[in-house]
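The next block holds one structure in the form of structure tokens; read it before the comments.
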Amino acid sequence: MLQQPRIQSSRVMSLEPGRLHGGHGERDGVRAAEQAASPPLYAEPSHTMTAKECRDGLGTDKKFFIKSRFAVCSGASFTQEWVQNNRPVGASTFGFLAIGTIAKGSRTMNVQYRYVQMQATGETGVATFMITPEVAIPQKWPTELCAS
């Protein structure tokens, strides 16, 4: 009775007709099954963002910051000069952030508006200054998916 030969190296060759395959000590199909059962190669992208992360990401010169495909933000800073009798009497500044996030398992984008770094010097009317964002994002869909 013939015995199966011993493999001396860790390299295995498939001898199936019409197929040449070199492996590194693995049987056909075993590696694919192990890969399918293994955890994903990349960590789950972040679905949250804080105002500090947004400010740090925007820095002083960027209009947008993308933390992940589920967390983005934009911001702007505003300075007002307060004038009385055509003479400056004070100044006020504030930053405005719009932070958009998509919760895990959702397809809805939620936007939080944050006012940050509010400062005033001199004589200002900041106490009576009302800031209200009005935002409308139009949903526009193509009339045809492909041109025929």
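We count residues from 1, following the sequence as given.
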Verdict with reasoning, I131 to Y115, per side chain to side chain contact (heavy atoms under 4.5 Å, CB included): CA-CA 9 Å; I131 306 167; Y115 296 96; 3.4 Å; yes

Taken in chain and number order and not counting sequence neighbours, the residues that satisfy ring-ring contact (aromatic ring centres under 6.0 Å, His included) with F70 are H47

Find the distance between CD (Q112) and CG (N110) and round it off to the nearest 0.5 Å. 8.0 Å

Applying side-chain hydrogen bond (donor to acceptor under 3.5 Å, both in side chains) to K52 and not counting sequence neighbours gives D56

Apart from M49 itself, members of its ILVMFWY cluster (side-chain separation under 4.5 Å) are L58, F65, L97, I99, V116

Residue pairs meeting disulfide (SG to SG under 2.5 Å), one or both in residues 58-138, sequence neighbours left out, come to C54-C73

Same cluster or not: V111 versus F96, using hydrophobic residues (I, L, V, M, F, W, Y) connected whenever any side-chain heavy atoms lie under 4.5 Å apart? yes

Do any pairs count as a side chain to side chain donor-acceptor pair (under 3.5 Å) and have a residue in residues 91-101, sequence neighbours left out, and if so which ones? Q80-S92, W82-S92

I want to check something: taking the side chain as every heavy atom from C-beta on, are V83 and E81 in contact at a cut-off of under 4.5 Å? yes

Tell me whether the count of non-hydrogen atoms from other residues, nucleotides or ligands lying under 6.0 Å of OH in Y113 goes above 12. yes

With sequence neighbours excluded, what pairs up with S46 under the side-chain contact (heavy atoms from CB on, under 4.5 Å) test? T48, K67, S68

